[in-house]
Amino acid sequence: MPANPYFMEHWGLLSILPPIIAIALAIRTKQVFFALGLGVWSGYLILENGNLLDSFFATLQGIITVFEDAGNTRTIIFCALVGALIVLMQRSGGVEGFILKINERLTKIEQTSGPEHTRKIVPILAWLLGVLVFVETSISSLTVGTLFRPLFDKLKISREKLAWIADSSSAPASILIPFNGWGAFIMGLLAGLGFEDPFSTMIKALLFNFYPILTLLIVPLFIWMNWNLKGMKKAEERVLNSGKVLPDGAQPMVSDEITSVETKENIQPKAFNMLVPLATMVFLMPVILAYTGWEEALKNTVQGNFADTLFTAIGKGSGSTSVLASVTISILVGFVLYMSQRIFNLAELMDMTLKGISGLVPLAILMVLAFAIGSVCKQLGTGLFLAEVSSQYLSPGLIPAIIFVTSSIIAFSTGTSWGTFAIMLAIAVPMAREMGTDVYLAIAAALGGGVFGDHCSPISDTTIISSMSAACDHVDHVKTQVPYALIAGCLTLVLYLISGFAL
């Protein structure tokens, strides 16, 4: 890489151009693939000092380099295999069986409360499921979207609302119920910053993590009160008046090959044909995390303390290995389950698996581009530059608010909350200690800002997966979700301003 003419560790204002270009073009043109590709190229154009030819080849190499990281490759394959699992559950009658069970209960509710009440109950059930599946954000978003999309379509509730519910329940629940990879990762960062009891520190900080708390409260409140902000109101009116679950010209994140799959002929729909593979995937996620991190955990914990070793193992485990292994095993469980019932033969199962994978090829490509722009932002030092600029304008009472805003900008620009945590906790904790600010408040601000920025970012993997699971146009999801996120974000900022001076 050529010498950086501006700073030793980042490229100054130039470092924020690639994410700005990608985000602005995505919103303006609705061509997310083009926007991300141009964002990646602009980053390498900066790194190659404006050389068009070198930046072109560097961009191609940057995309190829994504696959050199085993974790990236596992995540991309996981996204593709999710398509196979969805098709298998739908074709086997699992999804239809689950819907029939839900419909039986909804019919009873309608008989006593009417259809309008049902249109409130179903979205709240979707939100509740997203909270309960707190073990991993991708699995949470995927589960909510997959299960409730047919119900939302039937009740004429927009897919934009489903994507918002899936996205707004996954990450907030995962960070507030930290018995998962999120909690383990944060504990590891806190341990590295010198906290002797990182678990206790994390729990105390969660009390001040206002953004995810407010988000989890806003979703059911706005659903029950039928408060639809401008973009969402337009989407809801479109569905009610025309029956169109998507606007004209929309490009849903899942192809028709997945969304149009029907139950095989002459097959009785059974809910457990969906619940068994899905439960397998959700259950195996923490188990495989612990398995992959067990040896490392034994080296860092006291012998005989099983609980401590288990939680440490989850933190040391490989998240990408866990999700890939979990979805692969769940597909194999589905194979055995469906063949034992004589629903499918092996040839049919393989055909449906390939059909499902092909349906999510666009998502896999999008993940590749998201990883590529994240990589070029890291080379440019985007996060470091934003953190450095914000640290120049400090007052003890303003520190929590500044940390929150800075974390939000970094997460928004880079599309990663975990990367933001790693950058900001290393800055927030020493800053709070030096300035006399409450350390737990500073930690919470860094974590909450990462989730807020990630919620608003069109290049975030959780935002992408939420669009995919709801079969919603990605840009439409971002545009309808941001106003809700801004309400929670602005309220959070006010709370940090008050808390910063009060504590």
Side-chain angles (χ1 to χ4, degrees), residues 22-23 25-36 75-76 78-80 82-83 85-86 123 126-127 130 136-150 152-153 157-172 215 219 231-232 234-236 238-239 244-260 356 359-371 373 411-412 415-417 451 453-485:
I23 292 166
L25 277 177
I27 294 174
R28 177 67 178 173
T29 66
K30 289 194 173 185
Q31 299 299 320
V32 181
F33 296 96
F34 174 77
L36 279 174
T75 302
I76 292 165
F78 159 73
C79 289
V82 161
L85 183 62
I86 292 173
W127 165 83
E136 211 280 325
T137 53
S138 298
I139 293 178
S140 174
S141 299
L142 175 69
T143 303
V144 171
T146 301
L147 297 188
F148 282 89
R149 184 174 64 232
F152 273 53
D153 289 354
I157 305 173
S158 67
R159 290 184 179 173
E160 289 93 331
K161 177 164 283 190
L162 176 58
W164 165 59
I165 293 170
D167 206 351
S168 297
S169 60
S170 58
T215 299
V219 174
M232 195 69 76
K234 183 178 180 181
E236 290 292 286
R238 179 197 70 233
V239 180
K244 295 180 180 179
V245 295
L246 291 169
D248 294 333
Q251 297 179 350
M253 288 294 297
V254 181
S255 73
D256 290 338
E257 292 183 352
I258 289 181
T259 58
S260 62
L360 285 194
V361 165
L363 174 66
I365 295 173
L366 195 59
M367 292 298 290
V368 171
L369 292 173
F371 282 131
I373 198 169
F412 180 81
T416 168
S417 51
V451 177
D454 190 71
H455 267 173
C456 297
S457 177
I459 61 175
S460 159
D461 56 348
T462 51
T463 307
I464 292 170
I465 289 174
S466 296
S467 300
M468 179 271 291
S469 68
C472 173
D473 185 289
H474 183 52
V475 174
D476 288 336
H477 165 44
V478 174
K479 291 171 71 173
T480 51
Q481 172 165 275
V482 165
Y484 295 93

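Every heavy atom of this structure was used, including side-chain atoms; hydrogens, water molecules and symmetry mates were not.
Side chain of S469 to main chain of S141: a donor-acceptor pair is present (N/O by atom type, distance under 3.5 Å, no hydrogens or angles). Formation of a donor-acceptor pair under 3.5 Å by the H455 side chain with backbone atoms of V482 is not found in this model. R238 places a side-chain N or O within donor-acceptor distance of the main-chain N or O of V245, the cut-off being under 3.5 Å. Panel note: side chain S168, backbone I165; no donor-acceptor pair is recorded below 3.5 Å. The closest donor-acceptor contact from the side chain of T463 to the backbone of C456 lies at 3.5 Å or more, if one exists at all. The closest donor-acceptor contact from the side chain of E236 to the backbone of S158 lies under 3.5 Å. With S460 contributing its side chain and S457 its backbone, the two residues share no donor-acceptor pair below 3.5 Å. Not one N or O on the side chain of R159 forms a donor-acceptor pair closer than 3.5 Å with the backbone of R149. Between the side chain of H474 and the backbone N or O of P458 there is at least one donor-acceptor pair closer than 3.5 Å.
Looking at every heavy atom in both residues, V144 comes nearest to A126 through CG2-O, 3.6 Å. K161 approaches I157 most closely through the heavy-atom pair CD-CG2, 3.8 Å.
A distance of 8.0 Å separates CG in D153 from CG in L246, rounded to the nearest 0.5 Å. Distance check, rounded to the nearest 0.5 Å: OG1 of T462 to CG of D167 gives 5.0 Å. One distance of note links CG of L162 with SG of C472; it measures 8.5 Å at 0.5 Å rounding. Residue Q481 holds its CD atom at 8.5 Å from OG1 of T215, rounded to the nearest 0.5 Å.
Inter-residue side-chain proximity for V219 and W164 is flagged as met; some heavy-atom pair is nearer than 4.5 Å. Looking only at side-chain heavy atoms (C-beta outward), F152 and P123 come within less than 4.5 Å of each other.
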Check against side chain to side chain contact (heavy atoms under 4.5 Å, CB included), D473 and E160: CA-CA 8 Å; D473 185 289; E160 289 93 331; over 6 Å; no
